[in-house]
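A short write-up of the structure that comes next.
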Amino acid sequence: MRPARLTGGVGPGADRSRPDEPCSDGDPLLLVAHGSRDPRAAEATRALARAVAAARPDTPVLASWLDHTEPGPTEALRGLAAAGYSRAVLVPLLLTAAYHRRVDIPAAVAAAQQGDAPIQVRITDVLGPVRGEVDPALLAGLRRRLGEAQPGRYDALVLAAAGTRDAAARGSVGRVAAELGAALNLPTRVSYASAAPPDAGAAVTRLRAAGARRVAVAAYFLAPGLFHDAVTASARDAGAVAVASPLTDAPDLVDLILRRTTATPTRT
């Protein structure tokens, strides 16, 4: 793997982010996850990075985290610049375009661009809905994990997400729930592990009270951790027949990440 050719003409403090510049062969991919105190989450991100690297063997693929695990995206980008790469593509491993995508990731890129070695960074869209559209690969990954958890029939579904106070982000989760429910022809409710009601157990209880007997829970999570553990416990206590695993390194997620790198991102 060869570093991209260094380019000149970019002075300190100049804007080296190129949001509309397409990914070129050989430009490294930096996957940026939220981060968690739970070591299972970091390992899941590393597994996803390995799967993406296997699918694009001529491209360097690195993982980084906004919190709890090193390296952070600023450190990773500076490392790429120091290694001679002049460009990189940053993929936010986020399911909603909330605060982390709007604020934290651009700030990390801006900090990296204050270094001595310039690097152009293109930030892709998140993995969740973009302009209200849910990527079919995301739905396929959720269905894959549901099938692994409960290959039999169920008559209602809960989409369990981490949670956010951002109303637009919650709306995007609702969009995923609606499309997943429509694809499976099932009544579907959203639940959250934090920040907003209802929790998974309450959502399961409501569906059962409405007549559902076999309620399954789809996990709108990229990695395992305390939130997914809490979803599993509360849903099982409420009578759910199955709780799906997080997406982790599902092939559908790998496909979605690679297509995000070639699409023109939404301006925020």
[atom2] on [Y] to [atom1] on [X], rounded to 0.5 Å:
X      : Y      : atom1 : atom2 : result
Leu184 : Leu157 : CG    : CG    : 6.5 Å
Glu179 : Arg175 : CD    : CZ    : 4.5 Å
Glu133 : Asp125 : CD    : CG    : 11.0 Å
Tyr99  : Ile105 : OH    : CD1   : 12.0 Å
Leu142 : Leu159 : CG    : CG    : 6.5 Å
Leu180 : Leu146 : CG    : CG    : 6.5 Å

Using a strict 4.0 Å threshold on nitrogen-to-oxygen distance, state whether [X] and [Y] make a salt bridge.
X      : Y      : result
Asp255 : Arg260 : no
Arg144 : Glu148 : no
Arg87  : Asp27  : yes
Arg78  : Glu75  : no

Is it true that [X] and [Y] fall in one hydrophobic cluster, defined by side-chain heavy atoms closer than 4.5 Å?
X      : Y      : answer
Leu30  : Leu94  : yes
Val32  : Val130 : no
Val109 : Tyr85  : yes
Val254 : Leu139 : yes
Phe227 : Tyr192 : no

Determine the minimum heavy-atom distance between [X] and [Y], stating which atoms define it.
X      : Y      : answer
Ala177 : Thr188 : O-CG2, 3.7 Å
Val190 : Gly174 : CG2-CA, 4.0 Å
Ala149 : Ala242 : O-CB, 4.0 Å
Leu80  : Ala88  : CD1-CB, 4.1 Å
Phe221 : Ala193 : CZ-CB, 4.4 Å
Val126 : Pro129 : CG2-O, 4.5 Å

Yes or no on side-chain contact (heavy atoms from CB on, under 4.5 Å) for Arg143 and Leu138, after CA distance, side-chain angles and deciding distance? CA-CA 9 Å; Arg143 294 183 69 171; Leu138 181 59; over 6 Å; no

Can you find a pair of side-chain heavy atoms, one from [X] and one from [Y], that are under 4.5 Å apart?
X      : Y      : value
Leu93  : Thr45  : yes
Pro92  : His100 : no
Val89  : Thr124 : yes
Leu127 : Leu253 : yes
Ile119 : Ser86  : no
Val158 : Leu207 : yes
Arg101 : Pro106 : yes

Please evaluate residues Val204 and Arg236 with respect to the criterion side-chain contact (heavy atoms from CB on, under 4.5 Å), reporting the C-alpha separation (whole Å), side-chain torsions for both, the decisive distance (0.1 Å), and the verdict. CA-CA 9 Å; Val204 171; Arg236 290 289 193 184; over 6 Å; no

Side-chain donor-acceptor contacts of residues 63-74 below 3.5 Å, not counting sequence neighbours, with atom names and distances?
{"unit_1": "Ser64", "atom_1": "OG", "unit_2": "Leu31", "atom_2": "O", "d": "3.4"}
{"unit_1": "Thr74", "atom_1": "OG1", "unit_2": "Ala108", "atom_2": "O", "d": "2.8"}

Go through the steps to decide whether Val215 and Val241 satisfy the test side-chain contact (heavy atoms from CB on, under 4.5 Å), and finish with yes or no. CA-CA 6 Å; Val215 181; Val241 298; 5.8 Å; no

Short side-chain to backbone donor-acceptor contact, [X] and [Y], under 3.5 Å:
X      : Y      : value
Arg170 : Arg165 : yes
Arg145 : Ala244 : no
Thr248 : Pro224 : no
Tyr220 : Leu247 : no
Arg214 : Asp155 : no

For side-chain contact (heavy atoms from CB on, under 4.5 Å), just list the numbers for Leu29 and Arg56, CA-CA rounded to whole Å, side-chain angles, deciding distance to a tenth of an Å, and then say yes or no. CA-CA 10 Å; Leu29 304 183; Arg56 189 174 281 176; 3.7 Å; yes

Would you find more than 12 non-hydrogen atoms of other residues, nucleotides or ligands less than 6.0 Å from Arg259 atom CZ?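 More than 12 within 6.0 Å, yes.
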
